[in-house]
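The structure under discussion appears below in the form of structure tokens.
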Amino acid sequence: MTELKPKTRGEIHRLQADDQQYLWHPFTQMKEWEKESPLIIQSGKGPFLIDVHGRRYLDGVSSLWVNLHGHRRKEIDRALISQIRKIAHTTLLGLSNIPAIELARKLLEIAPKGLARVFYSDNGSTAVEVALKMAFQYWQLKSRPRKRKFVSFINAYHGDTLGSVSVGGIDLFHRRFEPLLFETVRVPYPYCYRCHLSLSYPSCGVACLQEVETLIKTRHEELAAVIIEPRVQAAAGMVVSPPGYLQQIRKLCNEYQVLMIADEVATGFGRTGKMFACDHEEVVPDLMALAKGITGGYLPLAATLTTQSIYEAFLGNYSEFKTFFHGHSYTGNPLACAAALANLGIFEKEKTLSKIQSKIRRLSLALRSLDQLDHVGDIRQCGMMVGIELVKDKMSREPYPLTEKKGTLVAMEARNRGMLIRPLGNVVVLMPPLSTPHSVLARMVQILRSSIRKVIT
Ligand code: PLP
């Protein structure tokens with residue numbers, strides 16, 4: 001593979017000026033953005049992103065948690081080229097297409113056993129939106145229309161469409177839109193480092209589960225579903241739940257006839273060390289939302305998986321109007337599905353899931369070197385997902401005010417040292433592609449360490 005030539009100074013200047021004049025970047029205060037020269041990526045290779053100057057950066061957050069096998073994978077490139085010679089897009093409304101069919105079959109092969117149907121959409125938010133609407137309609141079709149409320153977790157993040165914001169719980173992102181949202185019933189996620197009951201795991205016996213149990217027990221008649229980020233509440237700051245917690249939630253949902261929606265958008269496709277986070281606890285959700293890694297970080301695609309019994313509730317004569325009236329223009333896009341099939345092919349060919357086990361251990365070992373740093377309060381890891389919580393005071397766990405932007409400062413320093421990461425408030429996130437070699441993982445942690453030390457002395 002030949003690398004692209006860097007752009008000339010004139011070209012770079014024009015691109016930067018046009019970016020600042022025409023683009024509006026997501027989750028970005030544009031007033032600040034306009035003051036800085038934007039970093040513009042031109043190409044990528046393996047774990048590296050390469051900018052218009054020809055500078056190489058390690059992709060420390062898998063291009064926002066999507067890339068799995070590195071950039072420019074020939075298997076996925078070829079699958080796309082081969083598909084584009086056939087057709088780029090055709091609708092799934094009233095028609096079908098070959099990659100969408102083959103991918104559905106494949107997804108159900110690797111998904112927790114019991115999931116039987118695949119509904120496509122375009123991104124994590126819509127995968128969640130679909131799951132919420134399916135759960136809501138399901139209970140109406142089962143003649144239990146009172147079951148319409150969702151149990152959601154404090155600090156959850158399920159995306160940015162209004163339905164997924166409704167079940168979200170990150171005040172900073174979501175509070176402003178409150179008048180537009182539907183009401184949910186909130187429960188705390190087990191955030192052991194900042195336990196709201198002031199207890200410690202494991203001596204607490206996961207006491208916080210009691211709150212969820214009481215709620216479900218008393219209000220199940222009005223509950224449609226519980227929506228949970230299994231094992232890791234990602235955008236909350238990589239908050240890892242204690243082992244067994246997910247299974248207990250599944251048990252409660254079974255006991256009280258409440259559906260369980262697992263949002264595997266961030267955790268799916270090997271990120272936690274198993275194909276899906278639910279696999280760690282042998283949990284089969286009623287609905288499962290997938291996106292991000294589904295195409296190996298190539299194209300937008302999402303899927304909501306569900307059981308045969310939920311699917312069957314929607315069957316009937318046309319005149320009964322039990323149809324699930326939902327769909328998007330690009331639902332089941334053949335190019336994206338072809339990329340996803342090639343992505344899953346790499347998992348098989350390279351035995352990705354078994355290979356990452358030693359990488360996960362390597363990462364844990366390297367992360368220990370951060371423990372002694374004065375302002376590292378908590379290091380959380382689940383597979384290849386890592387969150388390092390920075391604190392003002394290690395003893396009292398006092399957080400830095402968000403306005404000090406410590407996470408961002410560390411990320412900027414890491415960039416100077418050749419790695420791109422994106423923090424979540426005071427939590428520095430590391431989520432390397434699964435294909436990252438052992439030595440590069442160690443280098444990434446080294447960069448993190450020196451960046452934290454430089455910013456916080
Ligand atoms: N669900 C979870 C758990 C996520 O982490 C995210 C994004 O970070 C989403 C849903 C939304 O996905 P998208 O950004 O593709 O809409």
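No hydrogens, no waters, no symmetry mates; every other heavy atom, side chains included, goes into these values. Every number for a ligand or one of its atoms is a count from 1 in the order of the listing.
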* Structure fact -> Closest to atom 13 (P) of ligand 1 by heavy-atom distance, out of P300, G124, G168, is G124

* Structure fact -> Per-atom filter on ligand 1: closer than 4.0 angstrom to a heavy atom of E229 are 3 (C)

* Cut-off 3.5 Å, side chains only: do Y157 and H174 have a donor facing an acceptor? -> no

* Asked: Charged N to carboxylate O under 4.0 angstrom, E350 versus R73?
  -> yes

* Structure fact -> of all protein heavy atoms, closest to atom 6 (C) of ligand 1 is Y157 CE2, 3.6 Å

* **S125 and ligand 1 - part of the residue with a heavy-atom distance under 4.0 Å** => both

* Asked: Is there a side-chain contact between E211 and L197 (heavy atoms, below 4.5 Å)?
  -> yes

* To do: State whether E264 and R271 are salt-bridged, where the test is any N-O pair (Lys NZ or Arg NE/NH1/NH2 against Asp/Glu carboxylate O) under 4.0 Å.
  => no

* To do: Heavy-atom distances under 4.0 Å are what count here, so tell me which part of W65 touches ligand 1: side chain, backbone, both or neither.
  => side chain

* Considering only protein heavy atoms, which is closest to atom 9 (C) of ligand 1, and at what distance to one decimal place? -> V265 CG1, 3.7 Å

* ligand 1 N/O within reach of D263 N/O, cut-off under 3.5 Å -> yes

* To do: Would you check whether E264 reaches within less than 4.0 Å of ligand 1, judged by its heavy atoms?
  => no

* Asked: Is the shortest side-chain N to carboxylate O distance from E129 to K133 below 4.0 Å?
  -> no

* Below 4.0 angstrom from a heavy atom of A266, which ligand 1 atoms are there? Numbered from 1 as shown, please. => 5 (O)

* **Nearest candidate to atom 8 (O) of ligand 1, where distance is taken over non-hydrogen atoms, out of K292, E129, Q233, H158** => K292

* Side-chain ion pair, D286 and R250, N-O less than 4.0 Å -> yes

* Asked: Going by atom types only, do H280 and Q247 share a side-chain donor-acceptor pair under 3.5 Å?
  -> no

